[in-house]
Amino acid sequence: MAARFNPLEADARWQQVWEEQGTFHASGDGARPRAYILEMFPYPSGRIHIGHVRNYVMGDVLARYKRMNGFDVLHPMGWDAFGMPAENAAMEKKVHPGDWTRSNIDTMRAQLKLLGFAIDWTREFATCDPSYYGHEQALFLDLYEAGLVYRKQSEVNWDPVDMTVLANEQVIDGRGWRSGALVERRKLSQWFLKITDFAEDLLDGLGRLDQWPDKVRLMQENWIGRSRGLRFTFRLDTPLPGSEGLGVGSERSELSDSEFRQPSAEPTPDPSLAGRGIESFEVFTTRPDTIFGASFAAISPDHPIATALAEGNEALAAFIAECKQGGTTAAELETAEKKGFDTGIRVIHPLDPDWTLPLYVANFVLMDYGTGAIFGCPAHDQRDLDFARKYGLSVTRVVAPSPEEAEEPIGDEAYTGPGRLVNSRFLDGLAAEDGVREVIARAEAEGWGEGTTVWRLRDWGVSRQRYWGTPIPIVHCESCGPVAVPRGELPVVLPEDIDFETPGNPLDRHPTWTRAGCPGCGGTARRETDTLDTFVDSSWYFIRFASQPADAPFDRAEAERWLPVDQYIGGVEHAILHLLYARFWTRALQRIGKLDVEEPFRGLFTQGMVTHATFQDAAGRWLTPDEAESHEGPVTRGRVEKMSKSKRNTVDPEPIVDQYGADAVRWFMLSDSPPERDLEWSEAGIQGSWRFVQRIWRLAAEEAERGSSTWLGDGDDVGLERKVHRAIAAVGANIEALAFNKAVANLYELTNALEKAPTSPSRSKAVETLIRLAAPMVPHLAEEAWVALGREGLIADADWPTADPALLVEEEVTIAVQVNGKLRDTLTAPKGASREMLEEMALASDKVARVLDGQPPRKVIVVPDRLVNVVA
RNA sequence: GCCCCCGUGGCGGAAUUGGUAGACGCGCUCGACUCAAAAUCGAGUUCCGCAAGGAGUGCCGGUUCGACUCCGGCCGGGGGCACCA
């Protein structure tokens, strides 16, 4: 029997056995209950990094644990293979994005296999396979036909470095989320998915996701952003020339009853509106109670009225142009001055026909939220206050926190707190929130407005001016307009013969691919050269993993048997976008009758990052950890940070696996840090894990040498058995709760107990139990030990041990004895001892007597099996 | 600016519904084995104190027989959103 476990030899051997036996294939035969464990699939960027390892180890432990508990486990792996890095690599290294991607996949697959993950590799696919994205194109057309896809000319975020359009959520602090370039505004025709149609349902659904982190639910809630308030009409006191009684914004109420869609979902306003005349427009407010504090109205520079007015007004046109060129960075926005242009028009206060307010075009009013127009109440809104101060508009307090402050003037800060209404005519004396209801009721009764809900969520723009993505299955015909590619012609295969010499989308310049016949009229058409946002690819891959027929995206019945994913594990950076899009996509499929699943992910876990110390030389150059060690001259140890190529503090898992074996790496990934928190990589840590792997091996090897015959018969070390059974219960509960660090601690505790325990049949049995409990975490070692102990078959197929409830209950308990809440003594009492007995034992304690010093206790509190507190 | 989370030894972190704070690991100290080292094993390790004892979960206060846990107010760190009316 080898004195040491040798992973270099054992790891590969067991990996091969698992592969040959198909141990981890999900059968789907219905013989066992199903469990679907999924980690967010990786982008094939080159090599596996340690963060991937942590992510997949967590899922793997759960998958193996579920298998041992009798589940038919689906634990697949694939590749989120489209995206910009491949194109960047193509431009920098003159390789084809497809070749680069596929070669990375081969490398990373081999690396993942070194870690012995219990993955069903038969279901592997990459999103850049035509056999995947072809089905995605079909689903896109399904949504198109169902009216959930539309095309719109819209101002988009243009990334001048990546030469592409970014979704709002891909713009971070006004910069492209990948390139970091300052984003510009451009108008392009884009495809949009109507995620806003599902806003309410996506929000309400969050309340039922009780196995999601609160943090993620909150982030999505804020992102969806429901606001309730009043939408009402301002009439112009002097209608614009040529007025025929048309109102701007009134067409929105035709879209739906009490809610209306974002203006962004509508066609660009007809510029001829100006000629048609305008006599009113709508505004939205969450604070209708402050309506008597109004001192101006303002519209967005993009508002149709602003556009119409600008046609005959050069100064206004110049003002609007100025607004549009302003930067969009956070810093600029924060310091950006509130700017306005007085149109000279006045609007009539809805509750007083004799009261008019000036109408401004203001730079801080957003066209794509609410109605693109507001009323300004400076006393109770900071932006309005800044604006009013700048343009000398009146500031009237209408909410007072107390009666004494009713006439208190507003200083530099708007009052946004609670209070009662003042200076508000018929509203005076009402609490502000009652005023909201009162004004909405009155507006509805009088017909000038209605209570409504407005969403912060915008529709999802999915067009990308990029080559390496799923082609949008549409052709543009000169006479028919955009036409869907017939199903029989799918997939629209991305051409591989392209040229990357110039930036932008090489599809645009492709000589033949762009030419297509029009399915409608048979004439010539041009293929859509935009590709889909890669978030579309990742919005349904988990369905394809569950079921992958050749002729359809998925088989409905089979997909419904696996879904929803029982446990989804990934980085918190996907808390909003990916998870929201996947939830939307699943609901959209449900609406069009393709799949009856509401929520795609029942359980969600967001794991922390792996961090590492950073090092710099005297010149401030970043050093790798290895360089730092051998560097001549001073080295500064910097902060512990997220691993990144720029800081050069990454750790390549492969050499570590070569040195310590897969199990030590897996164990380290699970140890110490709670999985939702960051884990600091350290050499000492991996060495500690290596030692533990060897400790378990030693226990098993010793046992094997003694021979199994010695442990037949009843156990004789009840104390040890209690510890074993407590460990069984604790490890299982902690794995199910994904509290891997605690499960690790449980296993250390059991190992410590076993090493100290004298040999006995109980101990022999306990060693086998320890191996089973550790198997999901250190599977190669466990298989090796299983064989050494003479067991048949694979431990991967073995059962998880069952905790005997009788052994989980202690016979004796330690009782804390306190005086006035301070611990003075402990005593041992039989489990379930009576209050009277415990009180008597506590009062008999010398230490208690000494503290009491002859005083009789005033009161004695007894918590059975826990403590006695003597109050003196 | 708004919203949310977190502050426990030298370090990572444990601690059911309020009930013995510091499990477990790392590191460190001492000892054993060894010519020596590595590996391994044993003992110890919140702080002050020789001890008895005292203090202690960011700070201040409160509720309670009893607070890491609940409440209020500060201080510090982290995350999300970005002029959302």
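Numbered from 1 within each chain, the chains take letters A, B, ... in sequence-line order.
- In summary, the aromatic rings of Phe668(A) and Tyr660(A) are positioned with their centroids too far apart to meet the 6.0 Å limit.
- Phosphate proximity of A55(B) to Lys822(A): present, with a side-chain N or O under 4.0 Å from OP1 or OP2.
- Residue Asn741(A) places at least one side-chain N or O under 4.0 Å from the OP1 or OP2 atom of A14(B).
- The gap from the C1' atom of C59(B) to that of C6(B) amounts to 16 Å, rounded to the nearest Å.
- Side-chain contact between Pro304(A) and Met367(A) is present, with at least one heavy-atom pair separated by less than 4.5 Å.
- For the C1' atom pair drawn from G12(B) and G19(B), the interatomic distance equals 27 Å after rounding to whole Å.
- For A23(B) and A32(B), the C1' atoms lie 27 Å apart once the distance is rounded to whole Å.
- What separates CD1 of Ile686(A) from C1' of C26(B) is a distance of 13 Å, to the nearest Å.
- Remark: the separation of the C1' atoms in G54(B) and G49(B) is 9 Å, to the nearest Å.
- Summarising the base pairing, U64(B) is matched to no nucleotide, lacking a Watson-Crick or G-U wobble pair whose two defining distances lie under 3.5 Å.
- Comparing the same atom, C1', in C83(B) and in G78(B) gives a spacing of 25 Å after rounding to whole Å.
- Around the CD atom of Glu433(A), the shell of radius 6.0 Å holds more than 12 heavy atoms that belong to other residues, nucleotides or ligands.
- Base orientation at G9(B) is syn, since its O4'-C1' glycosidic dihedral falls within 90° of 0.
- The P atoms of U46(B) and G9(B) are separated by 13 Å, rounded to the nearest whole Å.
- Salt-bridge formation is detected for the pair Arg217(A)/Asp214(A): a Lys NZ or Arg NE/NH1/NH2 atom is positioned less than 4.0 Å from an Asp or Glu carboxylate oxygen.
- Comparing C68(B) with G61(B), their P atoms are spaced 15 Å from each other, to the whole Å.
- Rounded to an integer number of Å, the gap from CG of Asn734(A) to C1' of U16(B) is 12 Å.
- Of the side-chain N and O atoms in Arg691(A), one or more sit less than 4.0 angstrom from OP1 or OP2 of G27(B).
- A heavy-atom distance below 4.5 Å is not found between the side chains of Phe375(A) and Asp384(A).
- Separation of the P atoms belonging to G10(B) and G22(B) is 16 Å when rounded to the nearest angstrom.
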